[in-house]
Number of protein chains: 2
Amino acid sequence: MDKSRNRRPTIIDVAEHAGVSKSTVARVLAGSSSISEDARDRVMKAVAATGYERNHLAVGMRSGRSGLLGIVIPDITNPFWAGVARGAQDRAAEHNISLLVFSSDWDAGKEARHLRALRQARVDGAIINPVADNFDDLSRFGLPFVFIGSSAERFSDVSSVGSDIAQAVRLGMEHLFSRGHTRPAFILGPRSRLARARFLRTVHDFCVERDIDPAVLAMEDAEYTVEGGKAAMERLLARRGRGYLSVFAANDLMALGAMMAVREAGLSCPEDVSILGFDGIPAGAFAWPGLTTIEKPSREIGVRAVDCLLDEIAGRPEHGRVYMPCRLIERGSLADLTATAPKMVAAGR
Amino acid sequence: MDKSRNRRPTIIDVAEHAGVSKSTVARVLAGSSSISEDARDRVMKAVAATGYERNHLAVGMRSGRSGLLGIVIPDITNPFWAGVARGAQDRAAEHNISLLVFSSDWDAGKEARHLRALRQARVDGAIINPVADNFDDLSRFGLPFVFIGSSAERFSDVSSVGSDIAQAVRLGMEHLFSRGHTRPAFILGPRSRLARARFLRTVHDFCVERDIDPAVLAMEDAEYTVEGGKAAMERLLARRGRGYLSVFAANDLMALGAMMAVREAGLSCPEDVSILGFDGIPAGAFAWPGLTTIEKPSREIGVRAVDCLLDEIAGRPEHGRVYMPCRLIERGSLADLTATAPKMVAAGR
DNA sequence: ATGAAAGCGCTAACAA
DNA sequence: TTGTTAGCGCTTTCAT
């Protein structure tokens, strides 16, 4: 009889091969300590001989742990979110856990469907960038989860991890000032976005500390896109007085758009206009000049999110909100106005 | 007794609630036709009332179908692969299937570990961009799978989907010639890469058709990186004769690097040098001038890969190798030399 | 330290 | 059309 043909070996095959019982094999596999040297040895050999591989479906069914985690992000195609997913995936792999990835496209319907899929797959927990304002689905999600991203702040009682916007903006402001840009203009995101308020608050605080009236600073609202940034810069250019223009854009896409507007106006960056971005997307490195920007630690956010989630699953105390620090990447789009002869910083990529 | 508290409802709860047997519920859920109106109705109501959600673990265990697919790509952080993953994910979702995503970093060890994870998760099939030359692991993978990417061609007997390099290169050559670049130089990938040979073969064929001796064309080898492209362009610049230089780079990163070299040499693109890329990465849109390039259909590759895989799983005839057509994206890095006064093409992004 | 046996939630014969 | 029953491969008491 070829009952073993074309059939993946089970714990029973291993047990027979090793001359022990199912339970002994299971115990060895689970790393139990109450096992004799001899038994462990024979089981390991039998595992190797049969080519046995644990069936996570069966394990999950019995133990209630699927060994699966889910992550729902807006779009895996967006470099920031790809970084988050990558970090999460790597950290999960360290724990021998696999990751189910879903893109919601900021669509509440898709989000709901993905969450259902996660529940049906019996994931042990989920990392979610929430899009739905109606949080009923999530609140009764019935599964451990942690939020990621700034929109997560809407739900104060859920632990979450995101970038430290306040620290990042302060970093940007300090850099701007240290390079002599003491009256920067701003291109902000849409008023509806939570991140915008936090951004502005930090700017205000910073200004107050330096005895500057924030009302003096030019501000433009824009969509978080290249086109939005471009249009905003055109407006800024139109109403600028004499003198040098410095711009702090609330994301890199808008900053890149602003750079285009500068070029199309026959001006150049950083000779006539300086631009500081925010995000750290790879494309900023290829622009000319390279975009000076503040990088959000996407990968680390994913890593920490998994750590939090694993803690949550294990029933360990909640983390509350975790803010990851951002860092400045100096490239060529921001001039150093403090140099005696307005010298430009080396414009690398 | 609160035996229902904190416990997800099972098919049995639904059956009790509906006053039918487990099997009837299962049949309704599976969409069987031999079900009375009445029974179906009551089951559906019971499902809604209990908040029942199918346990895919249990389904998978019994039926041998986990409802999971796996994808192993080099790096989810790379825009091309992110596109592939996104396409695969979307298509899988249409079939109510979830996707396990892994990044191999072109590391055979990691690849092997990911494949093991896939087997243990009992995925129904896998989409793989193979890195291991030693294919033993894969050949006895014991699971339906399809390869993606050009490296997949090494394994002729496995069905795979990738971009149509021959069509793409021909498209590029035709565009070059139609714009008056009849003696382009090339920046190619490393000699070890399979894609390189295919690229060159098409170039040769094209030249032969036009009675051009391919040996006349300048060619440089480089790593598939910005630095590689930059160095290659510097060499090209050093040995160029008089006259206009046109370059066809075998990937966008190298093309972008080449653009940097041009700028640093005090030359400008496309006034002094024209550059054509290959890949269609987003960063090309932000470079200045925008990079004219040939776009690989990353998303579609993912979509098709899932289609193939599903066919393979269903035991339907194999697809062999599927080649997806690429398309030209015109931006500003390629001059139109045929215009009376060497007029540049509008340099959009 | 080890084995026997029960059962996780579901599907798939087999009966009725 | 519907119900009964026997597992899928594993973990986990409970004995021994």
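The sequence lines fix the lettering, A, B, ..., with proteins before strands; numbering per chain opens at 1.
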Gap between atoms [atom1] and [atom2], on [X] and [N] respectively (whole Å):
X	N	atom1	atom2	answer
A:Ile12	D:dG7	CD1	C1'	11 Å
A:Ile35	C:dG3	CD1	P	9 Å
B:Asp38	D:dT2	CG	P	8 Å
A:Asn55	D:dG9	CG	P	7 Å
B:Leu57	C:dC10	CG	P	10 Å
A:Arg8	D:dC8	CZ	P	16 Å
B:Lys22	C:dC14	NZ	P	17 Å
A:Glu16	C:dA4	CD	P	12 Å

Below 4.0 angstrom from OP1 or OP2 of [N], is there any side-chain N or O of [X]?
X	N	value
A:Ser63	C:dC8	no
A:Arg122	C:dG9	no
A:Thr10	D:dC8	no
A:Ser34	C:dA1	yes
B:Ser21	D:dT4	no

So, does the side chain of [X] form a donor-acceptor pair with the base of [N] at under 3.5 Å?
X	N	answer
A:Ser23	C:dA4	yes
A:Arg62	C:dG9	no
A:Arg27	C:dG3	yes

TODO: Quick one: label B:Ala39 by what it contacts on the DNA or RNA (base, sugar-phosphate, nothing), any heavy atom closer than 4.0 Å.
DONE: sugar-phosphate

| message | Students often get this wrong, so: under 4.0 angstrom with heavy atoms, is A:Leu29 touching a base, only sugar-phosphate, or nothing? | response | nothing

CD1 (B:Ile301) and CZ (B:Arg299) are apart, to the nearest 0.5 Å, by 12.0 Å

Check: Do A:Asp90 and B:Lys110 meet the salt-bridge criterion of a basic N to acidic O distance under 4.0 Å?
Finding: no

Original post:
So, are A:Arg321 and A:Asp164 salt-bridged, with charged N and O less than 4.0 Å apart?
Top reply: no

Winner on side-chain proximity to B:Val20, out of D:dC10, C:dT2, D:dG3, is D:dG3

Side-chain contact check for B:Met61: nearest option of D:dT2, D:dC10, D:dC8 is D:dC8

Which of B:Leu118, B:Val158, B:Val72, B:Ile127 passes side-chain contact (heavy atoms from CB on, under 4.5 Å) with B:Phe145? It is B:Val158

In terms of heavy-atom contacts, B:Val123 and B:Leu69 come closest through CG1-C, 4.1 Å

